[in-house]
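Worksheet for the structure shown next.
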Amino acid sequence: MASEAYDKAVEKVAKEAMLATRRDDIRLAEDSKKWIQDPKHKASKREKDYAIKRLDGLIRKIETAMEKVVIRITKQLKQPEKKKAVVEEIKKEVKPSIRERLAQNIAKIQREEAERKQLNKGKSRSSDLEL
């Protein structure tokens with residue numbers, strides 16, 4: 001169970017990191033494209049088109065690079081040695097909380113049993129008096 005949770009967490013974290021980084025980088029490239037296309041900037045249409053094509057190529061390269069990074073990060077984090085160490089760490093952190101809950105439930109059951117015994121003792125005494 002911890003292993004599956006770890007795998008899902010690795011995939012989620014890697015994907016979120018990629019998306020956040022890619023959004024920022026692409027936003028900067030898109031802002032540059034807008035700046036280039038602004039009529040205030042005096043450059044020939046040919047120069048502007050060339051610059052926009054270069055920025056579009058940059059955006060594609062960023063997307064490709066980020067996908068490769070996610071794959072590498074995911075592979076690294078899912079390596080058996082690293083995965084085993086992290087899963088063991090998760091188990092150590094989870095076990096105490098499970099033990100605490102078990103101890104609390106045992107204590108609760110013992111209290112409830114003691115209360116039932118007290119109620120049963122009280123009922124048996126009152127029924128003896130009625131006879």
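Keep in mind that what you see is a predicted model, and the values were worked out from it rather than measured.
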Worksheet item: Asp38: what forms a salt bridge (Lys or Arg N to Asp or Glu O under 4.0 Å) with it, not counting sequence neighbours?
Response: none
Worksheet item: Which value, rounded to the nearest 0.5 Å, describes the distance between Arg72 atom CZ and Glu67 atom CD?
Response: 12.5 Å
Practice prompt. State, to 0.1 Å, how close Ile36 and Lys48 come at their nearest heavy-atom pair, and which atoms those are.
Written response: O-CE, 3.3 Å
Fill in: Pair Lys108-Arg111, side-chain contact (heavy atoms from CB on, under 4.5 Å): steps then yes or no
CA-CA 5 Å; Lys108 181 181 174 184; Arg111 282 192 305 271; 3.7 Å; yes
Discussion item. Hydrophobic cluster membership, with links at side-chain heavy-atom distances under 4.5 Å among I/L/V/M/F/W/Y: are Trp35 and Ile26 in one?
Written reply: yes
Worksheet item: Who pairs with Arg46 by side-chain contact (heavy atoms from CB on, under 4.5 Å), at least two apart in sequence or on another chain?
Response: Ser44
Practice prompt. Output the distance between atom CD (Glu30) and atom CG (Asp56), rounded to the nearest 0.5 Å.
Written response: 7.0 Å
Worksheet item: Tyr50 pairs by side chain to side chain contact (heavy atoms under 4.5 Å, CB included) with which of Arg54, Glu47, Lys53?
Response: Arg54
Worksheet item: CD/Glu112 to CG/Asn105 distance, rounded to the nearest 0.5 angstrom?
Response: 9.5 Å
Fill in: Exercise: identify the closest heavy-atom pair between Leu58 and Ala29
CD2-CB, 4.5 Å
Fill in: Candidate pair Asp24 and Arg27, rule side-chain contact (heavy atoms from CB on, under 4.5 Å), full reasoning
CA-CA 5 Å; Asp24 290 343; Arg27 183 181 42 80; 3.9 Å; yes
Worksheet entry | Straight-line distance of Ile109 CD1 to Gln104 CD, nearest 0.5 Å | 12.0 Å
Worksheet entry | Spatial distance of atom CD (Glu113) from atom CD (Gln110) [nearest 0.5 Å] | 7.0 Å
Worksheet, complete the sentence: d(Arg60 CZ, Leu55 CG) to nearest 0.5 Å is 11.0 Å
